[in-house]
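Take a look at the structure set out below.
In this text, all values refer to a predicted model and were calculated from it rather than measured experimentally.
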Amino acid sequence: MDWNALYSNEKSPSLEQVTEYINNPLWTEFNNRIQSTYRTRPCMEYSRCSMQAGWNIKYKKGGKSLCTLYPMEGYFIALVVVGSRELMEAELLIPQCSDYVQTVFKNTKTGNGQKWLMLEVRDSEISRFFRTLVYYDHDEAVSVYLRTFKRYEIWLFLLAVLGVFFVIFRMFVGNFSKYFQEINRGIDSLVNEDAQDIRTKGRLPPTVRTTLPALRYHCRS
């Protein structure tokens, strides 16, 4: 019997009735995983949308919609919004998914950097997609963190220190080079000009006057 005909907008079904109507173990698995991951509870809402009217189950976290589930006889439909942040990851994941998921993803238009995917959950082949983009077990997430970041924490710290040291060293070498370049320009001006004022910064007197004959005398001696 059609889901919309079973329960009107005035009579909300219970979660047990939803589970009984769908009669698919993937429904229980999906709900358990998303509840344990996001620490959230399902919310029953009634939709008047002509495409999928009737009672549906929404999962939200911090005011953001995670997914919307539509009960069907023997399966359920999951509306998943792939945002701009997840879109690149989803495009890399799609080739590993079933032909059905690839077709839905390809045929769904992108709007405002998002894709609204309506996926029929009938078998476990679609679980790879949900496992990456919808739910991710909390214990698994902690385990990934410990295996990747925590293991190399000291090396990342040393790398950051070396980076800072390299920047400071480059600044020091640059200033040192400018000092010697200034000295070289002063020497060149002494050799090539008849008479001029040589101004240098720092240690030398502000003005040194000399003439070409005097310079030649000192060079010969």
Side-chain angles (χ1 to χ4, degrees), residues 2-3 15 18-19 21-45 47 49-153 155-156 159-160:
D2 184 67
W3 173 254
L15 291 176
V18 174
T19 302
Y21 179 80
I22 295 175
N23 192 27
N24 190 321
L26 292 176
W27 168 258
T28 303
E29 177 190 346
F30 185 96
N31 283 270
N32 290 342
R33 290 291 296 272
I34 199 169
Q35 289 177 34
S36 64
T37 300
Y38 293 100
R39 307 294 191 267
T40 186
R41 300 295 299 172
C43 177
M44 194 83 68
E45 294 185 7
S47 173
C49 178
S50 58
M51 292 184 62
Q52 204 65 44
W55 291 97
N56 57 64
I57 296 87
K58 291 184 183 295
Y59 281 100
K60 299 178 181 180
K61 183 69 174 180
K64 177 184 177 182
S65 178
L66 299 173
C67 63
T68 303
L69 309 177
Y70 301 94
M72 305 295 289
E73 195 167 4
Y75 67 101
F76 64 96
I77 297 175
L79 170 60
V80 181
V81 180
V82 182
S84 56
R85 294 182 178 180
E86 301 88 7
L87 195 57
M88 181 177 296
E89 182 180 356
E91 291 174 346
L92 296 174
L93 173 68
I94 287 300
Q96 306 175 36
C97 296
S98 64
D99 294 339
Y100 167 70
V101 175
Q102 294 185 45
T103 301
V104 173
F105 188 88
K106 180 180 179 181
N107 295 337
T108 302
K109 295 182 179 180
T110 303
N112 297 324
Q114 299 178 333
K115 277 183 178 287
W116 292 56
L117 304 178
M118 295 282 287
L119 296 166
E120 296 182 358
V121 184
R122 296 177 180 268
D123 51 55
S124 59
E125 289 186 3
I126 201 173
S127 61
R128 178 189 293 271
F129 181 81
F130 290 124
R131 190 161 53 244
T132 303
L133 294 180
V134 180
Y135 49 65
Y136 200 83
D137 187 76
H138 181 266
D139 295 334
E140 289 183 72
V142 173
S143 177
V144 170
Y145 167 75
L146 293 175
R147 287 199 308 267
T148 55
F149 296 100
K150 201 68 176 177
R151 181 185 301 176
Y152 303 106
E153 185 176 17
W155 295 108
L156 293 173
L159 185 62

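- Y59 contributes no side-chain N or O that, together with a main-chain N or O of Y38, makes up a donor-acceptor pair within less than 3.5 Å.
- There is no side-chain donor-acceptor pair under 3.5 Å between K60 and S65.
- For the ring-ring contact (aromatic ring centres under 6.0 Å, His included) test with W27, the passing option among Y75, F76, Y21 is F76; the others fail.
- Side-chain atoms of N24 come within 3.5 Å of backbone atoms of L26 as a donor-acceptor pair (strictly under, hydrogens ignored).
- If you take CD1 on I22 and CG on N31, they are separated by 7.5 Å, rounding to the nearest 0.5 Å.
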Trace of the side-chain contact (heavy atoms from CB on, under 4.5 Å) decision for M44 with V18: CA-CA 10 Å; M44 194 83 68; V18 174; 4.0 Å; yes

Evaluation steps, side chain to side chain donor-acceptor pair (under 3.5 Å), between K58 and T68: CA-CA 4 Å; K58 291 184 183 295; T68 303; 3.2 Å; yes

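- Side-chain contact between I94 and V101 is present, with heavy atoms from C-beta onward closer than 4.5 Å.
- Separating the SG atom in C43 from the CG atom in N56 is a distance of 9.0 Å, to the nearest 0.5 Å.
- At distances below 3.5 Å, at least one donor-acceptor pair connects side-chain atoms of W3 with backbone N or O atoms of W55.
- For the atom pair SG (C97) and CZ (F105), the distance works out to 9.5 Å, reported to the nearest 0.5 Å.
- In this structure, the side chains of P71 and I57 come closer than 4.5 Å at one or more pairs of heavy atoms.
- Of the inter-residue distances, the one linking N112 atom CG with S84 atom OG reads 10.0 Å to the nearest 0.5 angstrom.
- For the residue pair T28 and T19, the shortest heavy atom distance occurs at OG1-CG2, 4.2 Å.
- No side-chain heavy atom of F30 sits under 4.5 Å from any side-chain heavy atom of V121.
- Rounded to the nearest 0.5 Å, atoms NZ (K106) and NZ (K115) are 11.0 Å apart.
- To the nearest 0.5 Å, the span separating CG on L69 from CD1 on I34 amounts to 7.0 Å.
- With a 4.5 Å cut-off on side-chain heavy atoms, I77 and M72 count as touching.
- The shortest distance between side-chain heavy atoms of Y100 and Q102 does not fall below 4.5 Å.
- Between P42 and Q35 the shortest side-chain heavy-atom distance falls below 4.5 Å.
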